[in-house]
Amino acid sequence: MPDTAASRRIASILATLAARYPAPETMLHWRTPWELLVATVLSAQCTDDRVNKVTPGLFARFPDVAAVAAADVAEVEELIHSTGFFRNKAKHLVATAQLLVRRYAGQVPQSMPALLELPGVARKTANIVLANAFGIQAGVAVDTHVKRLAWRMELTHSKDVLKIERDLMACIPQADWGRANHWLVLFGREVCTARAPRCRACPVASHCPRRDVAEK
DNA sequence: ATCCCGAGGG
DNA sequence: CCCTCTGGAT
């Protein structure tokens, strides 16, 4: 069980961020579960607007799972080049598309274990796809920003992603699990940055146990 | 120069 | 646990 004061902090912060940031579907552009899966994979180490810049061309050239499954990896690499890590991402996307065609009739599976078998998909991506494409609130997606927030808010000091996820789930309304990552990422990039956090501009400074650590 | 909206692999 | 993979923003 997470510390209850920290739980209240996280809940208050999420409520504030929910009012401040738009819905996730307005950020990453996607129309189908497959497109969300692709966009989420591409978003590793990359901002939403850069992903949104390449996905229209990618989806136009390879309109569905079957097309990606038959695609030349080098051509996919070219189309997603600007999102970084393009060799890994292209290889994973093609391999995943091939697996979907082979085992799931070209559909994106709607369960955590099935998603985790897809190359390039781990827990964070699976949580986001399940929640936002299928409305299945399987869990909170944890990435570097979310971890940092959980630590700074003293919800937990664990480095175990599964424990961090469970502690967050205990204090975030289940309906927000799919969106929490998005809000926290934006907040983490704009305000509660890894170094030199902009505490003076922080909308939730009053909830922060480290607000005495002033912005320099 | 340095850091980053992950995931796979040693 | 550590490393690698990448371009782009700052």
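Remember, it's a predicted structure, so these values are computed and weren't measured experimentally.
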Roughly, in whole Å, what's the span from [atom1] in [X] to [atom2] in [N]?
{"X": "A:Leu93", "N": "B:dA7", "atom1": "CG", "atom2": "P", "answer": "12 Å"}
{"X": "A:Lys147", "N": "B:dA7", "atom1": "NZ", "atom2": "C1'", "answer": "11 Å"}
{"X": "A:Asp143", "N": "B:dA7", "atom1": "CG", "atom2": "C1'", "answer": "13 Å"}
{"X": "A:Asn181", "N": "B:dG6", "atom1": "CG", "atom2": "C1'", "answer": "11 Å"}
{"X": "A:Phe85", "N": "B:dA7", "atom1": "CZ", "atom2": "C1'", "answer": "9 Å"}
{"X": "A:Asp48", "N": "B:dG6", "atom1": "CG", "atom2": "P", "answer": "11 Å"}
{"X": "A:His92", "N": "B:dG6", "atom1": "NE2", "atom2": "C1'", "answer": "10 Å"}

Close N/O contacts between protein and nucleotides 2-4 of chain B (under 3.5 Å):
from, atom 1, to, atom 2, distance (Å)
B:dC3, OP1, A:Arg195, NH1, 3.2
B:dC4, N1, A:Gln45, OE1, 3.1

Which part of the nucleic acid, if any, lies within contact of A:Val121, taking any heavy atom under 4.0 Å across all strands shown: a base, the sugar-phosphate backbone alone, or nothing?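 It contacts sugar-phosphate atoms only.
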Quiz item: When all nucleic acid strands are considered with a 4.0 Å heavy-atom cut-off, which category describes A:Phe86: base, sugar-phosphate, or nothing?
Solution: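 Sugar-phosphate, backbone atoms only, no base.
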Under a 4.0 Å heavy-atom cutoff, the residues of residues 107-119 of chain A touching DNA chain B are A:Leu118, A:Pro119
Using the P atom on both, measure B:dA1 against C:dT6 and round to a whole Å.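 My reading of the P atoms in B:dA1 and C:dT6 gives 22 Å.
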- Query: Taking the nucleotide of DNA chain B with the closest heavy atom to each, which residue, A:Gly188 or A:Gly120, is nearer the 5' end?
  - Reply: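 Nearest-nucleotide comparison on DNA chain B picks A:Gly188.
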> Between A:Lys163 and A:Asp167, does a salt bridge (Lys or Arg N to Asp or Glu O under 4.0 Å) hold up when you go through it step by step?
Replying inline: CA-CA 6 Å; A:Lys163 169 161 174 49; A:Asp167 289 344; 2.8 Å; yes
salt_bridge(A:Arg103, A:Glu117) N-O dist < 4.0 Å: yes
Charged N to carboxylate O under 4.0 angstrom, A:Lys53 versus A:Asp49?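 Not counted as a salt bridge, because no side-chain N and carboxylate O are separated by less than 4.0 Å.
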Under the 3.5 angstrom rule, does the side chain of [X] hit a backbone N or O of [Y] as a donor-acceptor pair?
{"X": "A:Arg102", "Y": "A:Ala97", "answer": "no"}
{"X": "A:Trp151", "Y": "A:Ser158", "answer": "yes"}
{"X": "A:Asp176", "Y": "A:Arg179", "answer": "no"}

Subject >> Greater than 12 external heavy atoms within 6.0 Å of A:Glu75's CD >> reply: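 Counting neighbours around CD of A:Glu75, more than 12 heavy atoms of other residues, nucleotides or ligands fall under 6.0 Å, so yes.
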- Measure the spacing between OG1 of A:Thr125 and CG of A:Leu36 and express it to the nearest 0.5 Å.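 Result: 9.5 Å between the selected atoms.
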CG of A:Leu28 to CG of A:Asp48, rounded to nearest 0.5 Å, is 4.0 Å
- Item | Taking every non-hydrogen atom, the tightest pair across A:Glu77 and A:Ala90 |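 Reported closest heavy-atom pair: CG-CB, 3.4 Å.
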Quick one: closest heavy-atom pair of A:Met27 and A:Leu186, and the distance?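 Answer, listing the atom of A:Met27 first, then A:Leu186: CE-CD1, 4.3 Å.
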Contacted region of DNA chain C by chain A, from 5' end to 3' end of the hits, cut-off under 4.0 Å to heavy atoms, spans C:dC5 to C:dG8
